[in-house]
Trainee: 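Just passing along the structure, written as C-alpha cells.
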There are 2 protein chains.
Amino acid sequence: MTDKPGTLPAERRRGEGVKLVYDILRDEILDLVLPPGSPIDEIQLAERLSMSRTPIREALVRLAGEGLVTTLPNRSTVVSNIDFLNLHTFFDALTLMYRVTSRLAAQYHRPADLEQIRLRQVEFAGAVAAEDALAMIATNRDFHAAIAEAGHNPYYLSLFCRLLDEGRRILRLYYSSFEDRLPPRYAAEHDDLIAAIEARDVEAADRLATAHADQIVRQIQAMIARDRRQSITL
Amino acid sequence: MTDKPGTLPAERRRGEGVKLVYDILRDEILDLVLPPGSPIDEIQLAERLSMSRTPIREALVRLAGEGLVTTLPNRSTVVSNIDFLNLHTFFDALTLMYRVTSRLAAQYHRPADLEQIRLRQVEFAGAVAAEDALAMIATNRDFHAAIAEAGHNPYYLSLFCRLLDEGRRILRLYYSSFEDRLPPRYAAEHDDLIAAIEARDVEAADRLATAHADQIVRQIQAMIARDRRQSITL
DNA sequence: TGTATTTTCTTTGTCGACACAAAAATCGGG
DNA sequence: CCCGATTTTTGTGTCGACAAAGAAAATACA
C-alpha cells in the first residue's frame, strides 16, 4: 500500500476540502483507477489527503447520491458496480437524452452556447487527431454536455450528465483492455450536429442525435460481444 | 420560536438518525411547512431532534444532491426556490417522463408491478372520494411513481420522482391558498391508463399519458394565471 | 478435523469542541 | 444625520475522540 502521488497536502482554504475529495474520488471512479466493487477506506483517504474524516464522509454522501458509490450500513462504502444485466435501460435513457437535449439545443441555444459547443468540438477533434482514446471519451462527453447546457433544461442536463459519466466508465473499461479506436466518423457527425443546431433545424438535430446514439450503443455492444467471445475462448 | 411538537427524542438505533432527519426535512419541504427560501439552522434542528449536528449535515448534503435545499458557502443552507421563470422546462421534462415511463410500463410490467399500481390507484380514488386535495396530490404522485417502477428503468425513475416531488411542492402552493379541487376526471384517466398498460398497448399508454400530463400542466398554468390576475388586482 | 462460540479488531456513526468566515451591531468621524 | 471602519455575534466547516456494529480471528468442544 504505497502512498499515491500527486496529492501533496498543500494549504487549503476553508470549504475547499470537500470539493477536493469529491473531485479526486469522482475522477478515480470514472477512470476506473478505483474499479467497481473496490472498497473506500475513509481513514486511509483521510491520511492520504491529510484531513479529517468529516469532509471525506460528506464527499462520499454526495457520490452516493449520484449513484457512483454504494454505502453498506455499518460496513464499508464501495464503488458501485456496473450493471451489465440491465445495460439496455442505460442505452434507452442515453439515446433519449441525446435526442431530447439536441432538439432543445436546436430550439433554444444562444450565441454563447454555440461558442461553448464549438470549443468542445475543437478539443474533441484534437483528441481524435492525437489518437488518444481516453481523451476522446472525455471530450466527447463534454461536447454533448455542452449541447445539453444549450438546451437550458436543468432536469435533462443532470440526468444526461449522469448517463454520460456512466458511459465514460463503461467505455473506459473496454479501452483499457482493448486499446481500441473510436471511428473518426464521430468528428464529422459532431460537425453535422452543430450545423443542424445552428440552423435551428430540430428534426435534423434529432435525426443526427439518434444516429450518433445508435453508433455509440452499437459500439459498446460490439465490445461486450467481443469480450464475451474472448471469455468463452479462455 | 416554540419547539415544534411530534418529535420526541425516543431512543434511536445507530444509523437511523440520518434517515429520520432526511425524512422529516423532506416532508416539511414538500409540504411547504418549510417554504422556499426559509433558512435551515443546523444547531436548532440538532436541538429539536436531540442529536448532534453531524447526522443533520449528512441529511442536508443528501437533500442538496436532490436539489431540495441550496447550500450557501459558509452561510446557512436554505430551502430551494421554485423557479417560476423556467417552469416550462419543468413541464417539458414532466410530460416526457410521463410518456416514457408509461410506455415502458406497458412493455415491461410484471404481475407484481400491476398489483402495486392498482393499489396506488385505490388509494388515489379514496382521496378523490374524500375530496382531500392534499391526499390527492400525494397519492397521484405515488400512482405515477409505481408506473415508473413497472418500467424498470432506474434512470427514468429517479428523474421522474424528482419531478413529481417538485410538482407536489408547486401544487401544494396553490392548494394551500385556493382550496381547489382536482377534476374527478383524473381517476377515470388513471383507470384507462392502467387498462392500456395491462393490455401492453404502448401507443395507447403513450396517448393517455400525454393527455394526462397536458391536463396537469394546464391546471397548474391556470392556477398561476389566476394568481397573477389576483396579484394585479391588489 | 470440523463446527460452534467467544474474543479481538477493524471501520463506521455520532458526538462535543474549536476555528474560521460572513453578516450584524457598534462606534467614530464628517 | 449619514457613512465607513471596527467589533461582536452568529452559524458553518473541520477536527479528534469515543462507542457501537460487524467481520475476522482465536478458542473450545465434539
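Hydrogens, waters and symmetry mates play no part in the numbers below; they use all other heavy atoms, side chains included. Protein chains get the first letters and strands the later ones, always in sequence-line order, with residue 1 at the start of each.
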Trainee: To the nearest angstrom, how far is B/Glu58 atom CD from C/dC15 atom C1'?
Mentor: 14 Å

Trainee: Base, sugar-phosphate alone, or nothing: which one does A/Leu60 contact when heavy atoms must sit under 4.0 Å apart?
Mentor: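 No contact.
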
Trainee: Can you measure A/Glu42 atom CD to C/dT10 atom C1' for me and round it to whole angstrom units?
Mentor: 12 Å

Trainee: For A/Glu115, I'd like to know if atom CD has over 12 heavy atoms of other residues, nucleotides or ligands within 6.0 Å.
Mentor: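 Incorrect, the count does not exceed 12.
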
Trainee: Tell me which nucleotide among D/dG16, D/dA17, D/dT12 gets nearest to the side chain of B/Ile43.
Mentor: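 When the side chain of B/Ile43 is considered, D/dT12 is the closest of D/dG16, D/dA17, D/dT12.
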
Trainee: Just do the ring pair (Phe, Tyr, Trp, His ring centres under 6.0 Å) check on A/His109 and A/His152 with the steps written out, would you?
Mentor: CA-CA 8 Å; A/His109 75 85; A/His152 294 108; 9.2 Å; no

Trainee: Of the options C/dT14, D/dG22, C/dA22, whose atoms approach the side-chain atoms of B/Asn74 most closely?
Mentor: C/dA22

Trainee: Output the single nucleotide from D/dA19, D/dC15, C/dA21 whose closest atom is nearest the side chain of B/Arg14.
Mentor: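 Per side-chain heavy atoms of B/Arg14, the pick is D/dA19.
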
Trainee: Is the shortest side-chain N to carboxylate O distance from B/Arg169 to B/Asp165 below 4.0 Å?
Mentor: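 Judged by the 4.0 Å cut-off on N to carboxylate O distance, B/Arg169 and B/Asp165 do not form a salt bridge.
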
Trainee: Of the candidate nucleotides C/dG16, C/dA23, D/dC18, which contains the atom at the shortest distance from the side chain of B/Thr54?
Mentor: C/dG16

Trainee: Using the side-chain heavy atoms of B/Arg53, tell me which of these nucleotides is nearest: D/dT14, C/dA19, C/dT14.
Mentor: D/dT14

Trainee: Quick check for you: among C/dC15, C/dA23, D/dT14, whose closest atom lies nearest to any side-chain atom of B/Arg75?
Mentor: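 Ranking C/dC15, C/dA23, D/dT14 by closest atom to the B/Arg75 side chain puts C/dA23 first.
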
Trainee: State whether a side-chain donor-acceptor pair under 3.5 Å links B/Tyr22 with B/Glu66.
Mentor: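 The criterion, which ignores hydrogens and geometry beyond distance, is satisfied for B/Glu66 and B/Tyr22.
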
